[in-house]
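To start, the structure under review is shown below, and the notes come after it.
Throughout, residue positions are numbered sequentially from 1 according to the sequence presented.
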Amino acid sequence: TIGIGHYPGTAMPGGVGNTAYAAHRTGYGGWPFYRIAELQPGDQIIIGTQDGWYTYVYRNFEYVTPAGTGVLDDVPQSTNAESGARYLTLTSCSPVHTTQERIIAYAMYESFTPRANGAPAAIASLVGMLLANLFQRLHAIIIGLDAVVIGRNEGERLVRCLDSLT
């Protein structure tokens with residue numbers, strides 16, 4: 001399947017306990033958790049819902065066998081886990097292209113941002129960077145097309161414009 005799945009029976013985002021999700025690292029149609037092993041302590045993991053964004057801070061990871069379902073408990077089987085806290089657990093197969101083990105990433109709840117307040121700064125800056133890159137590319141394409149359109153009025157100018165684009 002494609003996408004990220006919420007484990008039934010675990011907390012919903014922001015809820016007390018453990019909200020847990022699974023996704024592929026590779027496969028047909030995508031790889032949402034491909035870079036899960038690259039998470040660094042302190043990295044933000046943000047879950048978006050209709051109501052807003054739940055921010056968790058990555059803490060650590062471990063590897064378990066496929067039978068290691070204790071990672072889905074309200075208090076995951078990780079060290080320093082406290083009852084009554086809000087956890088996020090991400091699971092995926094490991095090593096990549098196998099099902100021998102599961103890589104488990106743990107994070108702790110940090111904050112909630114209502115949709116009415118706009119996206120959290122981490123998302124806003126990422127979206128801004130992506131849009132700036134997109135507009136930069138579109139601007140280059142539009143400039144190129146303008147040159148071609150302008151050049152069509154004069155055959156010789158068209159050749160010069162096309163030469164400058166290649």
Side-chain angles (χ1 to χ4, degrees), residues 1-139 141:
T1 61
I2 299 172
I4 299 171
H6 177 255
Y7 280 102
T10 67
M12 294 307 290
V16 171
N18 186 13
T19 184
Y21 300 86
H24 293 291
R25 291 176 78 183
T26 63
Y28 177 76
W31 46 88
F33 286 177
Y34 181 74
R35 298 177 69 187
I36 191 171
E38 297 174 24
L39 286 168
Q40 298 292 312
D43 285 351
Q44 290 185 327
I45 301 169
I46 301 170
I47 299 174
T49 69
Q50 287 180 334
D51 298 326
W53 292 271
Y54 297 86
T55 301
Y56 291 81
V57 177
Y58 172 74
R59 184 178 64 192
N60 66 305
F61 68 89
E62 68 175 325
Y63 293 92
V64 301
T65 67
T69 59
V71 302
L72 304 177
D73 292 345
D74 276 347
V75 178
Q77 66 185 28
S78 176
T79 58
N80 302 323
E82 302 172 13
S83 180
R86 299 172 185 180
Y87 299 98
L88 169 66
T89 300
L90 306 177
T91 70
S92 194
C93 294
S94 186
V96 175
H97 302 294
T98 74
T99 58
Q100 294 173 354
E101 296 180 309
R102 301 291 182 263
I103 183 171
I104 312 300
Y106 296 109
M108 297 295 298
Y109 177 81
E110 181 180 65
S111 64
F112 173 73
T113 305
R115 283 224 180 250
N117 293 0
I123 289 179
S125 65
L126 178 61
V127 170
M129 181 180 65
L130 292 172
L131 287 175
N133 187 1
L134 176 63
F135 286 133
Q136 198 171 37
R137 289 175 186 229
L138 285 175
H139 182 69
I141 292 168

Test item: [X] side-chain N/O and [Y] main-chain N/O as donor-acceptor pair under 3.5 Å:
| X | Y | result |
| --- | --- | --- |
| H24 | C93 | no |
| R59 | Y106 | no |
| N18 | V71 | yes |
| S92 | A23 | yes |

What pair of heavy atoms forms the shortest contact from [X] to [Y], and how long is it?
| X | Y | answer |
| --- | --- | --- |
| P76 | Y87 | CD-CD1, 3.6 Å |
| A11 | T19 | O-OG1, 2.9 Å |
| A122 | I46 | CB-CD1, 3.9 Å |
| V57 | G42 | CG1-CA, 3.6 Å |

What verdict does the side chain to side chain contact (heavy atoms under 4.5 Å, CB included) test give for T91 and Y7, after you've listed the backbone C-alpha separation in whole Å, the side-chain angles of each residue and the deciding distance to 0.1 Å?
CA-CA 10 Å; T91 70; Y7 280 102; 2.8 Å; yes
Measure the spacing between [atom1] of [X] and [atom2] of [Y] and express it to the nearest 0.5 Å.
| X | Y | atom1 | atom2 | result |
| --- | --- | --- | --- | --- |
| R86 | F112 | CZ | CZ | 11.0 Å |
| Y58 | E38 | OH | CD | 11.0 Å |
| L88 | M108 | CG | CE | 10.5 Å |
| T113 | I123 | OG1 | CD1 | 8.0 Å |

Please evaluate residues I103 and Y63 with respect to the criterion side chain to side chain contact (heavy atoms under 4.5 Å, CB included), reporting the C-alpha separation (whole Å), side-chain torsions for both, the decisive distance (0.1 Å), and the verdict.
CA-CA 5 Å; I103 183 171; Y63 293 92; 3.6 Å; yes
Checking side chain to side chain contact (heavy atoms under 4.5 Å, CB included) for the pair Y21/I47: CA distance, chi angles, key distance, verdict?
CA-CA 11 Å; Y21 300 86; I47 299 174; 3.8 Å; yes
Which residue pairs satisfy the salt bridge (Lys or Arg N to Asp or Glu O under 4.0 Å) criterion with at least one member in residues 94-120, sequence neighbours excluded?
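Salt bridge (Lys or Arg N to Asp or Glu O under 4.0 Å) check on residues 94-120 returns no pairs.
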Quick one, F61 with L39, criterion side chain to side chain contact (heavy atoms under 4.5 Å, CB included). Give me CA distance, side-chain angles, the key distance, then yes/no.
CA-CA 9 Å; F61 68 89; L39 286 168; over 6 Å; no
In terms of the angle between their ring planes, are Y109 and Y56 parallel, tilted or perpendicular, with boundaries placed at 30° and 60°?
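Plane angle over 60°, so perpendicular.
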Would you find more than 12 non-hydrogen atoms of other residues, nucleotides or ligands less than 6.0 Å from Y34 atom OH?
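12 or below, so no.
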